[in-house]
Each structure stands twice: as C-alpha cells, then as structure tokens.
There are 2 protein chains.
Amino acid sequence: MRIGDLAGKTGVAVRSLRYYEEQGLLTSVRGCGGQRQYDESAVERVDLIQLLYSAGLSSKAIRGLLPCVVSKASTPESRTALAAERERIDGQIADLVRARDKLDEIILFSGSPESGCTWVETAQV
Amino acid sequence: MRIGDLAGKTGVAVRSLRYYEEQGLLTSVRGCGGQRQYDESAVERVDLIQLLYSAGLSSKAIRGLLPCVVSKASTPESRTALAAERERIDGQIADLVRARDKLDEIILFSGSPESGCTWVETAQV
DNA sequence: ATTGCAGCTCACATCTGTGTCAGGTTTTAG
DNA sequence: CTAAAACCTGACACAGATGTGAGCTGCAAT
C-alpha cells in the first residue's frame, strides 16, 4: 500500500503520515524507487495514533507508549507513563464535564426569558 | 486590586491577564499612572475564563459567549454558539473516554505477565 | 532622594500538528 | 513513449496562549 492509499483509508493527510514517521510513530518500507510501502496493519496503527492525538497526547507521549502496544513490551517506565496519561485524561474529562455543566447552567438561564435575562435580536459585538 | 494581586488570587500569569484584556475577555480601569485596577468580580471572571479555556474553547469563542454570562444578554446567535460549544465538548468527552478505555485495555494487558506480553527491565527507546 | 519592586508597552520566541509551495523523481495509464 | 498523477525532500507559514526581555515609568518605604 502506498502513502496515498493509507491516507485514503484512514482519512489522515499524506503530510501527517510523513510527520508521524518523522516522529517515530509509524514505520514504512521503502520500495526500489524510494516510495513508502505500508502493510495492512498500518491502518490500525494510524487509527490508534489518531485516537491518542484526539485525547491530547503529544507525539512524544505517543512515541513513549507505542512499544507497549505494538511490540507488547512492558517496562516499569512504560507502565508509569501509561498510568500517568490515564490520570491526565481523567482529569481532562473532569475539566470538560465541569465546563459542560457550566455551559448548561448558562444555556438554561439564557434560554428562559422569565429568568430575567435580556433577550435581544442582534449580536452584541 | 492591581494586576499582580489578581494574578496571585487566580493563579494566572500576569502576562495572561494582559492577554485576556487584549482579547476583550477582561476589562480593567486605569488609575492615574496608567496601571490596571480590578475589582473583586474580576477573580470570578478569570476563573470562568480559565474554566472555558480548559475545555478547549478559544479566546474568540469565549469572547462570543461572555455577554450571555456577564450582561445576561441572550441573542439567537449566542444561544446557537452555546449549544454548539456544548456539543463540541460532549464530543471531546466521548473521544477522551474512548482513549481512556483504550489505555485501560493496554494497561491491563501490559500489567499482567501471563498475558503473553514481554516484560523487560529497561525502556526501549 | 534613593532604592527596589511592580507595572507599562512592544516585540520576538516557543511549541505542535498541518498546510503549502518548489523543484525533482517514480509510477501508471493511454 | 509521453503525459498525468502520485511521490519524494526540504523549507517556510500558521494559529494561540504564554514566556521572556528591553527600556521606561509609577509607587512605596527608608
């Protein structure tokens, strides 16, 4: 599979795939003409990378965790890092829930005119 | 209250407070010597800003929502924006939960030697 | 009055994942 | 064989919140 195919299958830009490789998150085999070749497992790998990116992990953090997943290697350091990231994500979720609750509060308030809130027709910029 | 006091009370850097003002999120009254003066309500305001920042809202988004909160003004646009941000946060929470579940899966696997996973002593860089 | 800390503005640096352009090579279709 | 499409490297740009430094002014205590 060439890079464009992988990009198509994962929905990730070609540029990003090259960047992942540069960051050591993704490997490829180079064919005779120097073009990257990927096997099917790369799709799963890219999906995982995206998953972790979407959770706010940096490429460096992902790089640190990948050996656990891929080569199934577990070191004391990697276990610590995994736990730390898990905690961070938990905290992040808590932040988001608090923010969502706050927004809900505001929405409730601003959605009911009887709350005493001022309804106007146009945006106040 | 001067800017340093506000920074102290909120745990936000002085630089950031000036930035918030630049972005129209925070206002101050200038004393005779051009120094910013804040009243007590500024603390609450900065806390709110931080809450929204931590939920991933941009300063522009926050700027758009603040009138709803502060001057209690509700426009069709602001109600739409509020709902949109709420949805975005919901999606972000879902992403995080998925990532956390994935990490849990990995942690479970890498934490139990009988899983067939390789335990090594040093990090594989 | 002097010293020293706090504040002011302006401006440039940082970090990260991506976009984008240039200039060149490989692969593929016709 | 040729043209188009895909790929390659390298490099620069961006956005956004914050860090940092220079050079100057205000304020408080001695």
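Values below: every heavy atom of this structure, side chains too, minus hydrogens, waters and symmetry copies. Chain letters run A, B, ... following the sequence lines, proteins first, then strands; residues in each count from 1.
- Sequence order on DNA chain C of the closest nucleotides to Gly31(A) and Val12(A) puts Val12(A) first from the 5' end.
- Closest of all the heavy-atom pairs between Leu65(A) and Leu57(A) is CD1-CD2, 3.7 Å.
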Base versus backbone protein contacts along nucleotides 4-9 of chain C [heavy-atom cut-off under 4.0 Å; B, S, -]: ---SBB
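- A donor and an acceptor atom, one from each side chain of Gln35(B) and Arg2(B), are located under 3.5 Å apart.
- The side chain to side chain contact (heavy atoms under 4.5 Å, CB included) test with Leu26(B) singles out one residue from Leu66(B), Val12(B), Leu17(B), and that residue is Leu17(B).
- Atom pair Arg15(B):CZ and dC10(C):C1' shows a separation of 10 Å (rounding to whole Å applied).
- Side-chain N/O atoms of Tyr20(A) include none lying less than 4.0 angstrom from OP1 or OP2 on dG17(C).
- Atoms CD (Glu22(A)) and C1' (dT16(C)) sit 12 Å apart, rounded to a whole Å.
- Annotation: side-chain hydrogen bond (donor to acceptor under 3.5 Å, both in side chains) contacts of Ser28(B) (sequence neighbours excluded): Glu21(B).
- Within the structure, every side-chain polar atom (N or O) of Tyr19(A) is placed at least 4.0 Å from both OP1 and OP2 of dT18(C).
- Within the structure, the side chain to side chain donor-acceptor pair (under 3.5 Å) test picks out the following pairs touching residues 48-57 of chain A (sequence neighbours left out): Tyr20(A)-Gln50(A).
- Under the rule for a side chain to side chain contact (heavy atoms under 4.5 Å, CB included), the partners of Ala99(B) that lie at least two apart in sequence or sit in another chain are Leu51(A), Ala55(A), Ile89(A).
- Protein chain B contacts DNA chain D over a range whose 5' and 3' limits, counting nucleotides with an atom under 4.0 angstrom from a non-hydrogen atom, are dG16(D) to dC27(D).
- Computed from coordinates, the Glu21(A) CD to dT18(C) P distance equals 15 Å when rounded to whole Å.
- The side-chain hydrogen bond (donor to acceptor under 3.5 Å, both in side chains) search around Arg45(A) returns none, not counting sequence neighbours.
- The structure places CG of Leu25(B) at 10.0 Å from CG of Leu48(B), a figure rounded to the nearest 0.5 Å.
- For residues 32-51 of chain A, the set of pairs meeting the ring pair (Phe, Tyr, Trp, His ring centres under 6.0 Å) definition, not counting sequence neighbours, is empty.
- Interface residues of residues 40-57 of chain B facing DNA chain C, ordered by number: none; criterion, heavy-atom separation under 4.0 Å.
- No salt bridge links Asp101(A) with Arg98(A); every basic N to acidic carboxylate O contact stays at or beyond 4.0 Å.
- Applying the side-chain hydrogen bond (donor to acceptor under 3.5 Å, both in side chains) criterion to Asp5(B), with sequence neighbours excluded, gives no partner residue.
- Under the salt bridge (Lys or Arg N to Asp or Glu O under 4.0 Å) criterion, Glu40(A) pairs with Lys9(A), not counting sequence neighbours.
- With sequence neighbours excluded, the residues that form a side chain to side chain contact (heavy atoms under 4.5 Å, CB included) with Lys60(B) are Ser58(B).
- Residues of residues 82-92 of chain B that place a heavy atom closer than 4.0 Å to DNA chain C do not occur.
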